[in-house]
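The next block holds one structure in the form of structure tokens; read it before the comments.
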Amino acid sequence: MGERLLLYVQTVTAQMAGTALANARYALAARLARWLLMCHDRAEGDDLSTTHRFLSLMLGVNRTGVSEAMAVLERAGVIATKRGTITIKDREYLLAQAGACYGMPEADYDRLLGPTTSTPTV
């Protein structure tokens, strides 16, 4: 039990470091794609229960910026949105959009604790 807890702490620390790096180095579009992928990893299916407001808080930008970035993804057919729900339609596009800002901490999680619901591609 203690060893598993330490592995979990290691994965959370790696995820926090990944978030700090992403916030410092990557544009909003890449950071948004990363958050959508992380939520999708842990969801059952392609529907994510989240809001533009929550994403704006997580990304450290105003809600208008998130709404504009989401509109770009929706026009490209990558996601579909309705009040309180975002549906992932093209995960591969999000992976390409996120680039190097997504993948390493997620791969560590899979390696140390087992795969998430949707196994990330690195």
Side-chain angles (χ1 to χ4, degrees):
M1 177 69 165
E3 181 179 335
R4 185 122 175 112
L5 179 59
L6 289 175
L7 291 174
Y8 177 74
V9 169
Q10 181 178 344
T11 63
V12 169
T13 302
Q15 196 69 253
M16 288 187 324
T19 297
L21 177 64
N23 288 344
R25 299 192 107 187
Y26 293 93
L28 174 58
R31 295 188 344 252
L32 174 60
R34 176 180 177 267
W35 265 98
L36 293 174
L37 288 165
M38 289 190 312
C39 291
H40 192 230
D41 289 344
R42 289 150 183 88
E44 293 183 17
D46 294 329
D47 293 333
L48 311 176
S49 294
T50 191
T51 63
H52 292 200
R53 185 175 190 291
F54 173 77
L55 289 169
S56 73
L57 291 170
M58 294 297 100
L59 296 169
V61 297
N62 63 35
R63 195 176 92 40
T64 304
V66 169
S67 294
E68 290 170 0
M70 295 282 282
V72 169
L73 293 175
E74 193 159 21
R75 280 193 302 272
V78 177
I79 61 169
T81 62
K82 61 182 177 184
R83 189 170 185 89
T85 303
I86 300 167
T87 302
I88 305 298
K89 299 176 92 178
D90 189 347
R91 184 177 172 89
E92 294 303 315
Y93 184 99
L94 290 174
L95 286 165
Q97 184 76 26
C101 134
Y102 171 83
M104 300 260 311
E106 292 74 23
D108 267 355
Y109 183 99
D110 285 354
R111 181 177 56 82
L112 296 170
L113 297 173
T116 55
T117 302
S118 303
T119 305
T121 304
V122 181

Item to complete: Examine Leu57 and Leu59 and state if one hydrophobic cluster contains both, with Ile, Leu, Val, Met, Phe, Trp and Tyr joined whenever side-chain heavy atoms are less than 4.5 Å apart.
Response: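 The answer is yes; both residues are in one hydrophobic cluster.
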
Nearest heavy-atom neighbours spanning [X] and [Y]:
X     : Y     : result
Gly84 : Thr51 : CA-CG2, 4.2 Å
Ala69 : Leu28 : CB-CD2, 4.2 Å
Ile86 : Thr50 : CD1-CG2, 3.4 Å
Met38 : Arg42 : O-NH1, 2.9 Å
Asp90 : Gly77 : CB-O, 4.4 Å
His52 : Ser67 : ND1-OG, 2.8 Å

[X] side, atom [atom1]; [Y] side, atom [atom2] - distance, nearest 0.5 Å:
X      : Y     : atom1 : atom2 : result
Arg53  : Met58 : CZ    : CE    : 10.0 Å
Met104 : Gln15 : CE    : CD    : 12.0 Å
Ile79  : Leu73 : CD1   : CG    : 5.0 Å
Leu6   : Thr13 : CG    : OG1   : 10.5 Å
Ser49  : Phe54 : OG    : CZ    : 11.5 Å

Worksheet item: Any sub-3.5 Å donor-acceptor pair from Arg31's side-chain atoms to Tyr26's backbone N or O?
Response: yes

Worksheet item: Just by modelled atom types, is the Ala98 backbone N or O under 3.5 Å from a matching donor or acceptor in the Arg34 side chain?
Response: no

Fill in: Residue pair Ile88, Tyr93: steps toward the side chain to side chain contact (heavy atoms under 4.5 Å, CB included) verdict
CA-CA 10 Å; Ile88 305 298; Tyr93 184 99; over 6 Å; no

Fill in: salt bridge (Lys or Arg N to Asp or Glu O under 4.0 Å) between Asp47 and Lys82, intermediate numbers included
CA-CA 10 Å; Asp47 293 333; Lys82 61 182 177 184; over 6 Å; no

Worksheet item: Do Val78 and Arg91 come close enough that some side-chain heavy atom pair is under 4.5 Å?
Response: no

Item to complete: Report yes if some heavy atom in the side chain of Thr85 is under 4.5 Å from a heavy atom in the side chain of Leu48; otherwise report no.
Response: no

Practice prompt. Carefully, step by step, assess Lys89 and Asp46 under the rule side chain to side chain contact (heavy atoms under 4.5 Å, CB included).
Written response: CA-CA 7 Å; Lys89 299 176 92 178; Asp46 294 329; over 6 Å; no

Worksheet, complete the sentence: The side chain to side chain contact (heavy atoms under 4.5 Å, CB included) partner of Leu32 among Val61, Leu55, Leu94 is Leu55

Worksheet item: Run the side chain to side chain contact (heavy atoms under 4.5 Å, CB included) check on Thr87 and His40 step by step: do they pass?
Response: CA-CA 9 Å; Thr87 302; His40 192 230; over 6 Å; no

Practice prompt. Apply the test side chain to side chain contact (heavy atoms under 4.5 Å, CB included) to residues Thr64 and Glu68: give CA-CA distance (whole Å), side-chain angles for both, the deciding distance (0.1 Å), then the verdict.
Written response: CA-CA 6 Å; Thr64 304; Glu68 290 170 0; 3.5 Å; yes

